[in-house]
Amino acid sequence: MTDQTTPAPDAPDTVVLVHGLWMTPRSWEGWKAHFEAKGFTVLTPGYPGFEIEVEALRENPDVIANLTVPETVDHLAGVIEALPKPPIIMGHSFGGTLTQLLLARGLGASAVVVDSAPTEGVRVTPLSQVKSLFPALKNPANRHKAVAFTPEEFHYAFANTLTREESDAVWQKYAIAAPGNWVWAYGLIANFKPGMQETWVDYAKDRAPLLFIGGEKDHIMPPSVNRSNAKHYAKSPAVTEYVEFPGRSHWICAEPGWEEVADHALEWALAHARPVTVATA
């Protein structure tokens with residue numbers, strides 16, 4: 001435990017870790033143990049219905065196919081609102097989108113999003129992202145299904161800095177299907193539909209400080225997407241920063257050297273967190 005990461009009396013003492021698509025709370029097991037060893041309470045809430053194990057979700061993915069973003073945000077917000085004081089919120093991939101939606105509700109003392117999927121209005125779409133998401137986008141019928149990556153597709157989209165053998169082991173332990181509708185609605189057509197969609201946020205609004213972390217080698221949510229998302233908050237009075245880790249893929253939260261990313265995220269979140277007060281009855 002270091003002085004830089006030990007929670008002070010008026011600092012957050014809880015970290016809420018929000019997983020992304022194609023994953024479950026299991027993907028945070030390293031960060032959870034790492035932060036708990038520093039004295040923090042760490043929560044890793046799953047999406048509604050994701051409380052079961054990876055293997056069970058693979059066997060019956062109906063809960064994945066039918067999930068909606070509003071019910072997921074409501075579920076996560078309920079977990080956070082039940083805490084005695086505002087926590088640090090960290091989200092990976094689509095968990096980064098959900099984290100931004102939670103901040104827009106006024107939740108959290110500070111937040112970090114890692115290789116985040118974008119909120120509405122971010123129009124940068126690199127070719128590697130299109131290739132990564134193609135398994136879900138290649139068939140319109142996937143909008144009504146849970147769509148899984150093959151080991152080969154997972155290696156390209158998630159774990160391209162690992163060997164194929166290493167990536168296959170990650171796929172076997174952690175990967176599940178994702179709701180195809182989310183990929184279509186928020187990764188393809190959200191910016192072309194009139195009106196505000198479910199991943200819209202008011203970029204000019206004040207909120208808790210927010211750090212974007214990008215991985216240089218990320219294929220599915222490349223740095224250009226995260227830089228653009230961060231720049232959208234230019235008119236907000238809240239602190240918004242971006243940092244990029246060289247040589248990191250979308251599997252940044254567990255690939256070799258992940259501890260450096262976790263420590264940077266926690267130290268930044270503590271340094272920029274709004275002072276918190278304990279809720280009273």
Side-chain angles (χ1 to χ4, degrees), residues 18-24 27 46-50 52 54-76 91-101 113 115-160 167 170-171 174-201 218-222 224-226 228-229 232 249-251:
V18 184
H19 67 83
L21 298 185
W22 291 284
M23 289 286 139
T24 72
S27 63
Y47 301 172
F50 280 46
I52 57 179
V54 167
E55 294 76 13
L57 284 167
R58 286 177 176 165
E59 186 174 337
N60 183 13
D62 287 349
V63 65
I64 300 173
N66 298 324
L67 192 63
T68 70
V69 167
E71 69 177 310
T72 303
V73 178
D74 287 345
H75 174 73
L76 296 171
H92 173 248
S93 195
F94 203 90
T97 302
L98 296 171
T99 297
Q100 293 180 67
L101 295 172
V113 295
D115 288 350
S116 181
T119 39
E120 184 182 349
V122 179
R123 300 177 182 274
V124 176
T125 310
L127 289 177
S128 69
Q129 185 179 58
V130 175
K131 181 176 178 180
S132 296
L133 296 174
F134 186 70
L137 298 175
K138 64 184 177 182
N139 184 350
N142 285 341
R143 294 184 65 177
H144 308 290
K145 299 178 180 178
V147 182
F149 283 133
T150 66
E152 180 180 7
E153 292 164 347
F154 181 88
H155 184 223
Y156 180 83
F158 264 74
N160 50 293
S167 176
V170 171
W171 177 89
Y174 297 100
I176 61 168
N181 182 56
W182 289 27
V183 181
W184 274 82
Y186 314 122
L188 183 66
I189 60 177
N191 290 327
F192 301 98
K193 294 175 67 175
M196 299 173 185
Q197 308 306 309
E198 293 167 345
T199 57
W200 179 88
V201 298
D218 190 341
H219 280 167
I220 194 168
M221 294 299 161
S224 58
V225 174
N226 279 261
S228 178
N229 199 158
H232 275 65
S249 69
H250 200 61
W251 192 235

With sequence neighbours excluded, what pairs up with Phe50 under the ring pair (Phe, Tyr, Trp, His ring centres under 6.0 Å) test? His19, Tyr47

Restricting to salt bridge (Lys or Arg N to Asp or Glu O under 4.0 Å), what partner residues turn up for Glu55, sequence neighbours left out? Arg26

Give the intermediate values and the outcome of side chain to side chain contact (heavy atoms under 4.5 Å, CB included) for residues Tyr174 and Val54. CA-CA 7 Å; Tyr174 297 100; Val54 167; 5.6 Å; no

Starting from the C-alpha separation in whole Å, work towards a yes-or-no answer on side chain to side chain contact (heavy atoms under 4.5 Å, CB included) for Thr119 and Trp200. CA-CA 6 Å; Thr119 39; Trp200 179 88; over 6 Å; no

Looking at CD of Glu120 and OG1 of Thr97, how far apart are the two atoms once the value is rounded to the nearest 0.5 Å? 11.5 Å

Compare every heavy atom of Gln100 with every heavy atom of Val201, then report the nearest pair and how far apart it is. CG1-O, 4.0 Å

Partners passing side chain to side chain contact (heavy atoms under 4.5 Å, CB included) against Ser228 (at least two apart in sequence or in another chain): Val122, Val124, His232

In the structure I gave you, are the side-chain heavy atoms of Gln129 and Ser224 within less than 4.5 Å of one another anywhere? no

Let's go through Ser249 and Asp218 carefully: what are the C-alpha distance in whole Å and the side-chain angles of both, what is the deciding distance for side chain to side chain contact (heavy atoms under 4.5 Å, CB included) to 0.1 Å, and is it a yes or a no? CA-CA 4 Å; Ser249 69; Asp218 190 341; 5.8 Å; no

Quick one: pull up NE2 in His250 and OG in Ser93 and give me the separation to the nearest 0.5 Å. 3.0 Å

Is there a side-chain contact between Met23 and Ile176 (heavy atoms, below 4.5 Å)? no

Compile the donor-acceptor pairs under 3.5 Å between side chains in residues 132-139 and protein atoms, sequence neighbours left out, one pair per line.
unit_1, atom_1, unit_2, atom_2, d
Ser132, OG, Ser128, O, 2.8
Asn139, OD1, Ala141, N, 2.9

List the atom pairs, with distances to 0.1 Å, where a side-chain N or O of residues 63-72 and a protein N or O form a donor-acceptor pair under 3.5 Å, not counting sequence neighbours.
unit_1, atom_1, unit_2, atom_2, d
Asn66, ND2, Asp62, O, 3.1
Thr68, OG1, Glu71, N, 3.3
Thr68, OG1, Glu71, OE2, 3.2
Glu71, OE2, Thr68, N, 3.0
Thr72, OG1, Thr68, O, 2.7

Report yes if the side chains of Ile52 and Leu57 come closer than 4.5 Å at any heavy-atom pair, otherwise no. yes

From Leu76 CG over to Thr99 OG1, what is the distance, rounded to the nearest 0.5 angstrom? 8.0 Å

Using the rule given for side chain to side chain contact (heavy atoms under 4.5 Å, CB included), can you reason through His219 versus Phe158, listing the C-alpha separation, both sets of side-chain angles and the distance that settles it, and then say yes or no? CA-CA 7 Å; His219 280 167; Phe158 264 74; over 6 Å; no

Summary of side chain to side chain donor-acceptor pair (under 3.5 Å) pairs that have at least one residue in residues 151-160, sequence neighbours excluded: Thr150-Glu153

Going by the angle between their ring planes, with limits at 30° and 60°, are Phe149 and Trp22 parallel, tilted or perpendicular? parallel

Nearest 0.5 Å, please: how far is CZ in Phe94 from CG in Asp115? 15.0 Å

